[in-house]
Amino acid sequence: MAMTVRDESRGKSSARALLLAAQRGDAAAQAEIFDAHKVQVARQVHRMTGDAGAIDDLVQEVFIAAFSALPTFRGDAQLQTWLHTITVNKVRNWWDSRKRRRAREARAAHEPLPTSGTPEDHVASGEHLGRLYEALGELPDALREAFTLRAIERMSLKEASAILDAPVSTVSYRTRRAEKLLCEALGIPWGEEQ
Amino acid sequence: MSPSSERRDEPAVLSEELGRIVDEARLVPLPELGVGAAQIHRGWWEHRARRRRNVAFVGLLAAAGLAALFFGLQPRAWQRGDGSSELVNAAHTAARAESSAQIERDRGEQVEQEPMLAADISIVKKTEATTDAVVIGPREVLLTAGSYEITITEHAAAGVVVRLPDGHVELVRGVILAETDGPTVTLLRGEAEWIHGDGSETKLVPSTQAARTPQAGGQSSAQSLAERADELLARGDRDGAIGVLERLLRKHPNAASARGATLDLARLLKASGRRERARCAYSLYLSRWPYSQLRSDVEKALRELGEGPDCDGLDPGK
C-alpha cells in the first residue's frame, strides 16, 4: 500500500513537471501532451461540427490555447476535462463564424441561405447527417452544446454539467429542448409525442 | 470522462429516429489528423511572441501617456529646463530598455532551443542597415529589421519557417525577398505560404509585385476594390461587382481580402449562370485554401457545377 501511495505521488509530481515544462515551452513536453490527447480532441471536434475539414484548424487552436493558458490550469480538474471545455469554446466560435460567413455569402450572391447543403453531405450513406448538423447549426449555442455532449459524445449529465459549468438540471432541460427543436427541424416525431 | 462509463442517467435522446441519426454521427470514422506536435509548438511560440509584443506596446503607450500628463501639469518647468525633461527622457529610456531587455530575453530563449540553421537554407541581408536574423531552430528564423533574401535548395528535406512582424512564411522551396517594414514578402520562385498573425493564410504566387499585409499601402487598394464590389452589389449591379472582384484577384492575389473575394466571385458567377467561370473560381479557392472550414461547402458547389476542362487560375481552359 505504501508503495502504491508513493507511486501515485510520483505519478502526480511527474505529471506536474510535464505541465510545467509544457508551460515553459518545452517542445517535447508539449508533444507528449498533444500525443496523449489529440485523438480525443479531434474526435470531439468532429462530432461537434460534423465537418472533417474543420478538424485540423480547431485541434491546433485548442492546443495552442491550452498551452498558452496552462498557468491558469488549477490542476484540480483533469487535463482531459479542461481540454474538453476549451474545445467546446473553440467549436462555439467556429459555429458563429460559419453562420456569419454563410450569411455574408448569401447576401453577396443575392441568394437565400441554403436550407440544406451540409458539412457532411458528401458522405453517401449519411445525407441525413448533413441535415442533422445543419439543424444543429441553427440551435442556440447552449442547446447545441448540451445536446452534442449528451447525445453524440454520450456524456453523463454530471460530466456534461462539469464541462459546461451548468447545473445538471439545466443540462437536462437544454438537451431535451434541443431534441425537440431538432425533431421539428428534421420533420421527425419527438420522443414525448411518440 | 470515459463516454463508455456506466450511466444511470435519463436517456439523452427520446426519439428513436433521431437516436439512430445520432448513433450514425458517432460512427463516422475520424479522418487522419493533418496537424502535428511541431506545428502546435510553432503556433504556440508565435502566439506567445505576439502577446509579449502587445504587452510591450501597451507599456510604451502607458509611459507615453504618463509623459504627456507630466508635461501637461508642468509646462513651465519644461520651459525652464529645470531637469524635468531629463526625468521624462529617463522614463523613456527605462521603457526602451525594458522593451529591449524583453526582446533580448526572447532571443536568448530562441537561441537556446536550436541555434544552428540547416545547411540547405541561406539568408542574405540585402542592405547594410539590416540586422541579423535570429535562428530559432534549424528550420526556423526570425527576421528582426531590414530586408532579407532567404533561399532553400530545390531538394531540401523540409521547408523553412520565416517569422515576420505579421505571422510567418512557410517557404517550401525557392527564394523569397522579405522586408520587415510592412512587412512585405515577394516569392521570386518556388512555393511558399504566408500565415498571418490573425491565422489567415495566403498562398504566395511567384510575382514581381510584393505581397503586403493589410496595414501596408499596396493592400489598401485591394481593400478599396473589395469595398467597391460591396457597393455595386448593394446597388444590385452584380456584373459590375464581378468585374471588380476579378480585378481585385488579378491585381492583388495575395491580399488579405483575396480569400473572401474568391468565394464571393464564385457565388456571383454561379448565380449569374456563368458556370464555367464559377467552377474555376471555386477550384482556385480550394487549391489556395485547401484547409478552409468551408471546404465541404465549396466541394458541394463544385459537384453541382459538374465536370469541365482544367482552369488556368480564374479562366476556364480552352
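Predicted model, so just to flag it, every value in this text is computed and none were measured. Keep in mind that the numbers below use all heavy atoms, side chains included, and drop hydrogens, waters and symmetry copies. Proteins get letters first, then strands, A, B, ... in listed order; numbering begins at 1 in each.
Each of B:Arg279, B:Lys270, B:Arg275 was evaluated against B:Glu304; a single residue qualifies, B:Lys270, per the side chain to side chain donor-acceptor pair (under 3.5 Å) test. A:Thr49 pairs in a side chain to side chain contact (heavy atoms under 4.5 Å, CB included) with only one of the listed residues (A:Leu136, A:Val91, A:Ile55), which is A:Val91.
Ring geometry, B:Trp44 versus B:His41: the interplanar angle falls under 30°, so the pair is classed parallel (tilted spans 30 to 60°).
In terms of non-hydrogen atom pairs under 4.5 Å with chain A, the most contact-rich of B:Ala38, B:Ala301, B:Ala229, B:Gly36 is B:Gly36. Of all the listed residues (A:Ala42, A:Ser68, A:Ser172), the one sharing the greatest number of non-hydrogen pairs under 4.5 Å with chain B is A:Ser68. Ranked by heavy-atom pairs shorter than 4.5 Å toward chain A, the options B:Ala266, B:Ala241, B:Pro11 are led by B:Pro11.
Between the side chain of A:Arg150 and the main chain of A:Met155, a donor-acceptor pair closer than 3.5 Å is present. Counting only distance, with no hydrogens or angles, the side chain of A:Tyr133 and the backbone of A:Arg47 share a donor-acceptor pair below 3.5 Å.
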- Does the pair B:Val13 and A:Phe147 meet the rule for a side-chain contact (heavy atoms from CB on, under 4.5 Å), with working shown? CA-CA 9 Å; B:Val13 182; A:Phe147 186 83; 4.2 Å; yes

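Ion pairing between A:Arg43 and A:Glu153 fails under the 4.0 Å rule for side-chain N and carboxylate O. Salt-bridge check for B:Arg274 with B:Asp239: passed, with a basic side-chain N closer than 4.0 Å to an acidic carboxylate O. With respect to A:Arg154 and B:Asp23, a salt bridge is recorded, a charged nitrogen being found less than 4.0 Å from a carboxylate O.
For residues 33-41 of chain A, heavy-atom neighbours of chain B at less than 4.5 Å comprise A:Phe34, A:Lys38, A:Val39, sorted by residue number.
For A:Leu182, the part lying under 4.5 angstrom from a heavy atom of chain B is the side chain only. Using a 4.5 Å cut-off between heavy atoms, A:Thr148 does not touch chain B at all. Only the side chain of A:Gln30 comes within contact range of chain B, judged by heavy atoms closer than 4.5 Å.
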